[in-house]
Amino acid sequence: MRLLGVGKRYGRGPWVLRDLSLDVSGLVVLTGGNGSGKSTLLRIVAGVTCPTEGRVVDRPASVGYVPERFPSDVRMSVRDYLRHMSAIRGASGEVLERLGFRGSMTAPMATLSKGNTQKVALAQAFAATDLLVLDEPFSGLDTAASVALVEMLAERTAVVADHEGHLPSAQVVSLSGAHVTIEFSRASGLGELSDLDGVRSVEPRGTGARVLVEPAHSDTVLAEALRLGCSVRSVRS
Amino acid sequence: MTALVRYLAADVLRGQRFLAPLLVYCGVLGMLFFDDPGPALQAYAGSCALIYPITAWLAVVIATSEDQARREITVVTAGGWRPVLGAVAVLSALFTVVLAVMATLLPVLTNTRPYQVSWVLAGFAAHVVCGFLGTGVGLLFARPVLRSIGHTVLAVFGVVVLTYPLGPRSPLGWVLDMFGADRVSTALVWSGLASVVLVVAAVLLGLRATRRT
């Protein structure tokens, strides 16, 4: 699954995301402060909302999603909710046990603790077979459940918003701070460019390319691109 | 789709917000048909006028039963907004059929006046049509088209109230006029088509609205 030049704004409001390209494979962790667009990006990845600009290609069929805040007032029981979700998806999972769920399966979910509610939210998502989209999944989990979740995620393709460093081996995409977008009308040596420090993404476009770079590395990347024979069309931050 | 409709139905029934419109419906039906309601088709005109706002109310209840976060999980689980909005429309239609059966059979069971089978069938069809019109209005202004429940209530209430003074200039008025004149005509078919178009348009508008959420 790939995101190509994705941007999002709500109505005529400010841009929440701009020019973001991302290859989703393995485990990807999104970091960034409040309002940096992590949740918006996850909603785009999950298919809940459409990007205002750019596009999402090759979204897999079976996606599991956990929002930042799972509702706490659900009257349905855990057993019924997971049974219905499994029926809709046509799959089932044994996630609750691995996460150490402690609570009644038949009582309304509104009576569960925050941690157990989060485990239910994770359980319904893990029934997906292709891609997991998890917004702050460690929120409310105890240490043992967090460890179990890290182990479970190691086996999966997932995009996770997490600023507590639970997944050190994952590919980290930082949404904090701006980036510099360099567009080339003619590009060569894209492989070398993508290996440079500070390069967030390299997206071929016809004979050219669009490269997103962290501001601190933009001069170096630009100089290297010119050395490789690229022709610059525009640079903007 | 069946699993999705079952889940939404279980959620709506557990949520109990459906009780208020259902109780109002049963109460008014009881008042309409408690005593001799008159000729069959004219009696059905009253319950047809009643089912319209009730199904609009129920459609809003069904469309907003899940809160936004849980709806988004359902959308991802089901593979997109299209099946979820379709399931909401199907469930609303099923509720409408149940209400239509109640309104059609109640006078048959409680009154001594004979009801011809053709009148009962026409009455059932008319209730379904008027119910679908209400469903369409409810879905047209419910989430995701309008995100605020306050705006939804105001819009649905406004349209429902304004429909009655329109008289024979609305699909609902075509049915009420037809039964008021104690006859069955092709107006029922045209109203039925209009109701289906309204429900489909509401679903399509909802799909369009999800692009800007």
Side-chain angles (χ1 to χ4, degrees), chain A residues 8-13 39-40 42-52 59-77 79-91 108-110 117 120-128 130-135, chain B residues 1-20 61-91 94 143-149 151 204-213:
Chain A
K8 180 70 180 180
R9 68 192 299 193
Y10 295 99
R12 295 181 178 179
S39 295
T40 298
L42 290 175
R43 293 175 78 241
I44 290 172
V45 171
V48 173
T49 189
C50 297
T52 310
R59 181 184 287 114
S62 180
V63 181
Y65 174 57
V66 174
E68 187 177 6
R69 278 187 293 272
F70 190 82
S72 59
D73 58 348
V74 183
R75 292 170 185 264
M76 198 174 282
S77 69
R79 189 175 60 189
D80 287 349
Y81 182 67
L82 293 180
R83 183 170 52 80
H84 281 296
M85 289 294 111
S86 295
I88 292 169
R89 196 189 291 282
M109 287 163 61
T117 304
V120 175
L122 288 165
Q124 62 79 26
F126 267 85
D130 298 331
L131 172 67
L132 297 173
V133 182
L134 313 177
D135 199 347
Chain B
M1 177 63 90
T2 307
L4 198 49
V5 172
R6 276 188 187 153
Y7 163 65
L8 292 175
D11 192 57
V12 168
L13 294 177
R14 205 174 284 263
Q16 300 178 359
R17 281 173 55 205
F18 73 98
L19 279 174
V61 167
I62 292 167
T64 59
S65 176
E66 292 184 300
D67 76 351
Q68 186 65 25
R70 200 148 53 94
R71 173 55 53 89
E72 290 182 354
I73 291 174
T74 306
V75 165
V76 175
T77 305
W81 282 95
R82 190 190 302 264
V84 174
L85 295 183
V88 167
V90 168
L91 183 61
L94 290 175
R143 212 173 57 207
V145 178
L146 295 181
R147 296 173 63 81
S148 154
I149 189 67
H151 294 160
L204 293 177
L205 198 64
L207 279 174
R208 187 181 167 87
T210 60
R211 294 178 181 277
R212 57 177 164 78
T213 56

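Within every chain, numbering begins at 1; the chains are lettered A, B, ... in the order of the sequence lines, protein sequences first and strands thereafter.
Within the 3.5 Å criterion, the main-chain N or O of Val48(A) finds a donor-acceptor partner in the side chain of Trp81(B). Distance alone, capped at 3.5 Å, places no donor-acceptor pair between the Ser65(B) side chain and the Ile62(B) backbone. Remark: side-chain polar atoms of Asp135(A) are not paired, donor with acceptor, to backbone N or O of Pro67(A) under 3.5 angstrom.
For Ala10(B), the parts lying near chain A are the backbone and the side chain together; criterion is any non-hydrogen pair under 4.5 Å. Contacts of Tyr65(A) with chain B are made by both backbone and side-chain atoms, with heavy-atom separations under 4.5 Å. Proximity to chain B (any heavy atom under 4.5 Å) is shown, for Arg59(A), by neither the backbone nor the side chain. Heavy atoms of Asp11(B) lying under 4.5 Å from chain A belong to its backbone as well as its side chain. Residue Gln124(A) touches chain B through its side chain alone, counting heavy-atom pairs closer than 4.5 Å.
The candidate with the highest count of non-hydrogen atom pairs below 4.5 Å against chain A, out of Ala78(B), Gly15(B), Gly80(B), is Gly15(B). Heavy-atom pairs under 4.5 Å with chain A peak, among Leu4(B), Val75(B), Thr74(B), Ile73(B), at Ile73(B).
In this pair, Phe70(A) and Tyr81(A) present their aromatic rings perpendicular. The plane angle is above 60°, beyond the 30 to 60° band.
Counting heavy atoms from C-beta outward, Val74(A) and Glu66(B) have side chains that stay 4.5 Å or more apart.
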